[in-house]
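All figures in this text were calculated on a predicted structure; none of them were measured in a lab. Protein chains get the first letters and strands the later ones, always in sequence-line order, with residue 1 at the start of each.
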2 protein chains.
Amino acid sequence: MSGDADKRADAAEMKLAASPWKPFEARRRERDVKRGAVLRVAVSLFLEQGYDRTSLNEVAERLNITKPALYNYFRSKEEILVECYRLGQEKAMAGIERILAKPDTGLVRLRALIRHYCEVMTLDFGQCLVRVDDHVLSALARDQVREGKRLIDRYFRDFLTSGMEDGSIKPCDVRLTVFAITGAINWVGHWYRADGEMTAREIGDTYAMQLTGSLAVEET
Amino acid sequence: MSGDADKRADAAEMKLAASPWKPFEARRRERDVKRGAVLRVAVSLFLEQGYDRTSLNEVAERLNITKPALYNYFRSKEEILVECYRLGQEKAMAGIERILAKPDTGLVRLRALIRHYCEVMTLDFGQCLVRVDDHVLSALARDQVREGKRLIDRYFRDFLTSGMEDGSIKPCDVRLTVFAITGAINWVGHWYRADGEMTAREIGDTYAMQLTGSLAVEET
DNA sequence: TCTTTGTATTACCGGTCGGTAACTTATCGA
DNA sequence: TCGATAAGTTACCGACCGGTAATACAAAGA
């Protein structure tokens, strides 16, 4: 009896050793790839036509599947949009954590955040944050999404405030100044074209200096 | 023969003198008032819930009438939205004409436009310009609306350019600078609340200085 | 007073969309 | 080889929405 069990276990171990979780993981990976493909197609159509005017049939058609197949990966159309928002916010947060990782003055951090957020606004998932009206979401999901937006906004305010404290930024109305900065950057999501004249980096560099021009203590 | 005609004319004239176009004009005025009421309710709901999620039944309900009655004043839902856009653009253009009326440096004019456009962004019809996605419009109507937006944008660029020419503004990338300025102001349409801390004028004054801070030649 | 005109109503239509049920097919593990 | 599971498909449903007759009704004009 134990012989049989051992043999099975050995066989399983050899298999696992050769390629751990092979079938299971491979399947999960495939699934994630497909899920990601749905999101990329969906966000692209949402930006192109608007959320309400994009039917799940269209999304499915572009993926060469049928609408009900989408429900293998998402519970509802709303969940698809929420995931798009989440991916955009994730991108933004990744940059923020990178900035927080090394010590710097508030001004340097603020400029870095401006540069990074400009780049986010050139991505589909980033543009989704400002171009798809979150009114289409249920109250619950909307609160969730807005919480994420507030979090990003908070870091703008934090960096500006700490810049005023460490003397790298002149005193100013934090709320209004951050609104002006984020507004200018959000607008990038509306006019940026990948085939346009400027790269994301050039826009970011220019904005980083221009939007902090009247705030910086030492003119560089 | 001429007696009859004269008598009719006299009667008509007396009537007209007492109250010209009385019945006709009064009716037209009533009609315009009602038409305006539809637009005000509609734009308010569009901002609150989004265009696609606002049904004409809801609009009608808030006006204590029924949906088909709306079709006495508008040919379609789209026409209602186009009118909302138009009213917003009209507000903006009125300010621009006021600015053009008196000669000034490019910097002064740019600042005046910033102040004015900030105020437009605190009005429903102004917010409509930036918060209702024009993807819901047919291609034709969309082009029409975008032409209006471009026109307003053009004056920002004109004022900035003439400021660089008359020496009141430092050399800069016109396109990018105007995008930054208009983006910051457009964002006001998203966060402004009539019951908030700041008045439209305060926001405008602050932005007028802050957004031109790094552009002005003479620091004021 | 009769007619016309404008404004509103009720009832209804066609079409679309999100979502579901039932069924088929392919793949993997035992 | 056989059964379970995942991933598709076709067919369909209920709800809603923009828009349109057909009609009622009040007020102004002749």
Side-chain angles (χ1 to χ4, degrees), chain A residues 4-5 7-16 18-35 37-38 42 45-46 49-82 136-138 141, chain B residues 4-5 7-8 11-12 15-16 19 21-35 37-38 42 45-46 49-82 136-138 141:
Chain A
D4 269 22
K7 213 161 104 184
R8 266 216 311 277
D10 280 355
E13 239 173 70
M14 274 169 55
K15 235 174 166 180
L16 286 170
S19 142
W21 328 279
K22 183 146 80 186
F24 182 74
E25 262 297 303
R27 251 171 122 114
R28 202 179 69 78
R29 200 157 44 222
E30 259 183 51
R31 196 185 153 79
D32 284 353
V33 167
K34 290 183 184 175
R35 212 182 115 102
V38 173
L45 284 171
F46 291 164
Q49 313 178 332
Y51 176 82
D52 278 317
R53 300 182 108 77
T54 301
S55 72
L56 292 184
N57 271 324
E58 286 177 279
V59 175
E61 202 178 341
R62 283 221 191 174
L63 291 160
N64 294 115
I65 55 175
T66 57
K67 178 180 60 172
L70 296 174
Y71 285 82
N72 278 318
Y73 306 99
F74 302 93
R75 272 194 291 268
S76 67
K77 189 182 181 185
E78 183 177 73
E79 191 178 286
I80 294 179
L81 179 57
V82 169
V136 301
L137 296 175
S138 67
Chain B
D4 269 21
K7 213 163 104 183
R8 264 218 311 277
K15 232 176 168 179
L16 287 170
S19 143
W21 328 278
K22 182 145 83 187
F24 181 74
E25 260 299 303
R27 256 174 116 113
R28 203 180 67 81
R29 200 157 45 225
E30 260 182 50
R31 196 185 153 80
D32 284 353
V33 167
K34 289 182 184 174
R35 212 181 114 101
V38 173
L45 284 171
F46 292 163
Q49 312 179 334
Y51 176 81
D52 277 317
R53 300 181 108 75
T54 301
S55 73
L56 292 183
N57 270 325
E58 285 177 280
V59 175
E61 202 178 342
R62 282 221 192 173
L63 291 160
N64 293 115
I65 56 176
T66 57
K67 178 180 59 171
L70 296 174
Y71 285 82
N72 278 319
Y73 306 100
F74 301 94
R75 273 194 291 268
S76 66
K77 189 183 181 185
E78 184 176 73
E79 192 178 287
I80 295 179
L81 179 57
V82 170
V136 302
L137 295 176
S138 68

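Relative to the side chain of A/A69, the nucleotides D/dA7, C/dT10, D/dT9 differ in distance, and D/dT9 lies closest. Checking D/dG19, C/dT9, D/dT10 against the side-chain heavy atoms of A/T66 singles out D/dT10 as nearest. Of the candidate nucleotides D/dG8, C/dT9, C/dG18, C/dG18 has the atom nearest to the side chain of A/Y71. Among the nucleotides D/dT9, D/dG19, D/dA7, the one closest to any side-chain atom of B/K77 is D/dG19. Relative to the side chain of A/K67, the nucleotides C/dG18, C/dT7, D/dG19 differ in distance, and C/dG18 lies closest. Residue A/P68 has its side chain nearest to C/dT20 when only D/dA7, C/dT20, D/dT20 are considered.
Atom CZ in B/R35 sits about 16 Å away from atom C1' in C/dT7, given to the nearest Å. Residue B/N57 contributes atom CG, which lies 12 Å from atom P of D/dG19 at whole-angstrom precision. One interatomic measurement links the two molecules: CD of B/E78 to C1' of D/dC17, which rounds to 16 Å at whole-angstrom precision. Distance, B/D52 CG to C/dG18 C1': 15 Å, rounded to whole Å. For the pair B/R53 CZ and C/dC17 C1', the computed distance is 12 Å after rounding to whole Å. The distance between atom CD of A/Q49 and atom C1' of C/dC17, rounded to the nearest whole Å, is 14 Å. Protein atom CG of B/N72 is 5 Å distant from nucleotide atom C1' of C/dT7, rounded to whole Å. In this structure, CD of A/E30 is placed 10 Å from C1' of C/dT27, rounded to the nearest angstrom.
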Full working for side-chain contact (heavy atoms from CB on, under 4.5 Å) between A/L56 and A/I80: CA-CA 10 Å; A/L56 292 184; A/I80 294 179; 4.1 Å; yes

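The shortest heavy-atom contact between A/K77 and A/F46 is CE-CE2, 4.4 Å. Contact record, B/Y73 with B/R31: CE2-CG, 3.8 Å, taken as the closest heavy-atom pair.
Between A/Y73 and D/dG8 there is a side-chain N or O to OP1 or OP2 distance below 4.0 Å. Regarding contacts with the backbone of C/dT7, a side-chain N or O of B/R31 is found under 4.0 angstrom from either OP1 or OP2.
In this structure, A/K34 reaches the sugar-phosphate backbone alone: every heavy-atom distance under 4.0 Å involves primed, P, OP1 or OP2 atoms, never a base. Across all strands, A/F74 comes closer than 4.0 Å to no nucleic acid atom at all (heavy-atom distances). At a threshold of 4.0 angstrom between heavy atoms, the contacts of A/S55 are confined to the sugar-phosphate backbone, with no base atom among them.
At least one side-chain heavy atom of B/Y51 sits under 4.5 Å from a side-chain heavy atom of B/E78. Residues A/L63 and A/L70 have side chains in contact (heavy-atom distance under 4.5 Å, counting atoms from C-beta outward).
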